[in-house]
Number of protein chains: 2
Amino acid sequence: MSSAEAASPIRFRPASYSATQSRTIEAALVLFAEHGVSGTSLQMIANTIGVTKAAIYHQFKTKDEIILAAAEVVLTRMEAAVDTAEAEKSRSRAREVLIAELIDLAVERRRVVSILQRDPVMVRFLEKHEPFVRVMERLYRLLMGDHAGAEARVAAAMLTAAIAGAVIHPLVLNLDDEALRSELLHLALRLFQLPD
Amino acid sequence: MSSAEAASPIRFRPASYSATQSRTIEAALVLFAEHGVSGTSLQMIANTIGVTKAAIYHQFKTKDEIILAAAEVVLTRMEAAVDTAEAEKSRSRAREVLIAELIDLAVERRRVVSILQRDPVMVRFLEKHEPFVRVMERLYRLLMGDHAGAEARVAAAMLTAAIAGAVIHPLVLNLDDEALRSELLHLALRLFQLPD
DNA sequence: GTCTATACGCGGATAGAC
DNA sequence: GTCTATCCGCGTATAGAC
């Protein structure tokens, strides 16, 4: 309450990671996508980047810290997308901006986004992570508007699941980022009956 | 090649399970949804139904057999849905029927369908399960038609992900089955530009 | 069919040398 | 920062009694 910072909303503050920490996180993300979070051991991560388990523990105190660091790769960008959308004047414009930003993010970081929304361990983990929960509440409010009827709820649920699921779907494996991005946007706007 | 059966297409043949086996499968499904497949131990399953691990091993030789049995709960119904759709005369009618059947199934067995499509271990498992792969190929062909352009691929990927993801989404937790079913169908048809 | 008991390996995590 | 070595618990799986 004493500093100027206290006035600004709480944000994610991803620690700035060393080069080795970043390698650990990237290795973890690949393995999480392949074997699931719970099926990925610290030994597997250590082998991938060519060090021992103990070296990993020097960089992160627990496995949970690695999971969180992996999630934060995307969480900061999701929060930024919600910020940008909320700054728009009209609701429908905010919705359009948010959908476009979410799709950009999902296409750019296909694996991470899918892990966040689909891996059972990651989902449980994030449910207890307050900053994440707050961002998701803002995101859903933007997608649904204030009066959340059944159709709005189902549409928002379908959209987020569709984006996260589609980007790693076998059917779109051969599409380049730009093609995938544009088709996803096109179809997402159709789902929400927004102008294309 | 010698019997009459050889002429009919290969189908799933879920073994008929004893009452205790069925209890094991149902308990496994609940735990898989909560902790993920890899995060669910035989001990947890045994505790849930009130027996010891050894008793579980009497019913199923390995954990993989339990995973398969759990998957088959839904796989047989998916195959039946594809059969029904393929019997339709027109392509668009086949697509409508398939989408409606898939949504019915997903709403009825929300947890199972989501596990099948989202759990990393289950996904890897089913990729190597030939009968499943074959059914999915037929399903995608029905959804996309023969000329699989980028839009058709992305639309099919979004639809399957959206259905599986939406039915267990926190936003729709309070919707009863009938409301969820009807909204899902309505929005799925809009995504595919089919008559409602 | 269910139990107790046990084998064996791998999981996360720590201590202490270099 | 990375290593070797080690702790302890839990994972799958099996043997054999009741």
Side-chain angles (χ1 to χ4, degrees), chain A residues 14-72 115 119-126 128-129, chain B residues 14-72 115 119-126 128-129:
Chain A
S16 56
Y17 297 115
S18 70
T20 317
Q21 280 176 319
S22 298
R23 288 181 66 214
T24 302
I25 294 168
E26 288 303 317
L29 284 171
V30 173
L31 291 164
F32 287 171
E34 181 82 15
H35 307 283
V37 173
S38 145
T40 299
S41 69
L42 296 185
Q43 186 67 65
M44 292 160 80
I45 298 172
N47 290 346
T48 301
I49 63 174
V51 297
T52 61
K53 262 200 293 182
I56 302 288
Y57 273 102
H58 181 79
Q59 294 156 14
F60 298 94
K61 274 197 279 290
T62 63
K63 186 179 178 179
D64 273 11
E65 275 193 17
I66 298 176
I67 298 174
L68 183 60
E72 275 174 344
I115 295 166
D119 186 285
V121 175
M122 185 61 90
V123 169
R124 293 276 169 246
F125 188 89
L126 292 176
K128 287 181 277 182
H129 186 60
Chain B
S16 56
Y17 298 116
S18 71
T20 317
Q21 281 175 320
S22 298
R23 288 181 65 217
T24 302
I25 293 168
E26 288 302 319
L29 284 171
V30 173
L31 291 164
F32 287 171
E34 180 82 14
H35 308 280
V37 174
S38 143
T40 298
S41 68
L42 298 184
Q43 186 65 67
M44 293 160 79
I45 297 172
N47 290 346
T48 301
I49 63 174
V51 297
T52 60
K53 267 195 292 182
I56 302 289
Y57 272 102
H58 181 78
Q59 295 157 12
F60 299 93
K61 274 196 280 291
T62 62
K63 186 179 177 180
D64 273 10
E65 274 194 18
I66 299 177
I67 298 174
L68 183 61
E72 274 174 344
I115 294 166
D119 187 285
V121 175
M122 184 62 90
V123 169
R124 293 278 168 245
F125 187 89
L126 292 176
K128 288 181 276 184
H129 186 59

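Side-chain atoms are counted along with the backbone in the values below, which use heavy atoms only and exclude waters and symmetry mates. Throughout, protein chains are lettered first and strands after them, A, B, ... in sequence-line order, and every chain is numbered starting at 1. Note that the structure is a prediction, hence the values are computed from the model and not measured.
Atoms NE2 (A/His58) and P (C/dG12) sit 19 Å apart, rounded to a whole Å. Protein atom CD1 of B/Ile45 is 12 Å distant from nucleotide atom C1' of D/dG11, rounded to whole Å. Taking atom NZ of residue A/Lys53 and atom P of nucleotide D/dA5, one finds them 14 Å apart after rounding to whole Å. The distance from atom CZ of A/Phe60 to atom P of D/dT2 is 12 Å, rounded to the nearest whole Å. We find that CD of B/Gln59 is positioned 8 Å from C1' of C/dG1, with the value rounded to whole Å.
Of the possible donor and acceptor atoms, one in the side chain of A/Gln21 sits under 3.5 Å from a partner among the backbone N and O of A/Gln59.
Side-chain proximity of B/Gln43 to the nucleotides D/dG11, D/dT4, C/dA13 is greatest for D/dG11. In this structure, the nucleotide among C/dC3, D/dC3, D/dA13 sitting nearest to the side chain of B/Ala54 is C/dC3.
Backbone-only engagement by B/Ser41 is indicated by non-hydrogen atom pairs under 4.0 Å involving sugar-phosphate atoms exclusively. Among the heavy atoms of the strands, none lies under 4.0 Å from A/Ser38.
Annotation for A/Arg23: atom CZ does not count as buried by contact number, only 12 or fewer foreign heavy atoms lying within 6.0 Å.
The CD1 atom of A/Ile67 sits 12.5 Å away from atom CD1 of A/Ile25, with the distance rounded to the nearest 0.5 Å.
Mapping B/Thr52 and A/Tyr57 onto DNA chain C via the closest heavy atom, the residue that lands nearer the 5' end is B/Thr52.
Between A/Ile56 and A/Ile49 the shortest side-chain heavy-atom distance falls below 4.5 Å.
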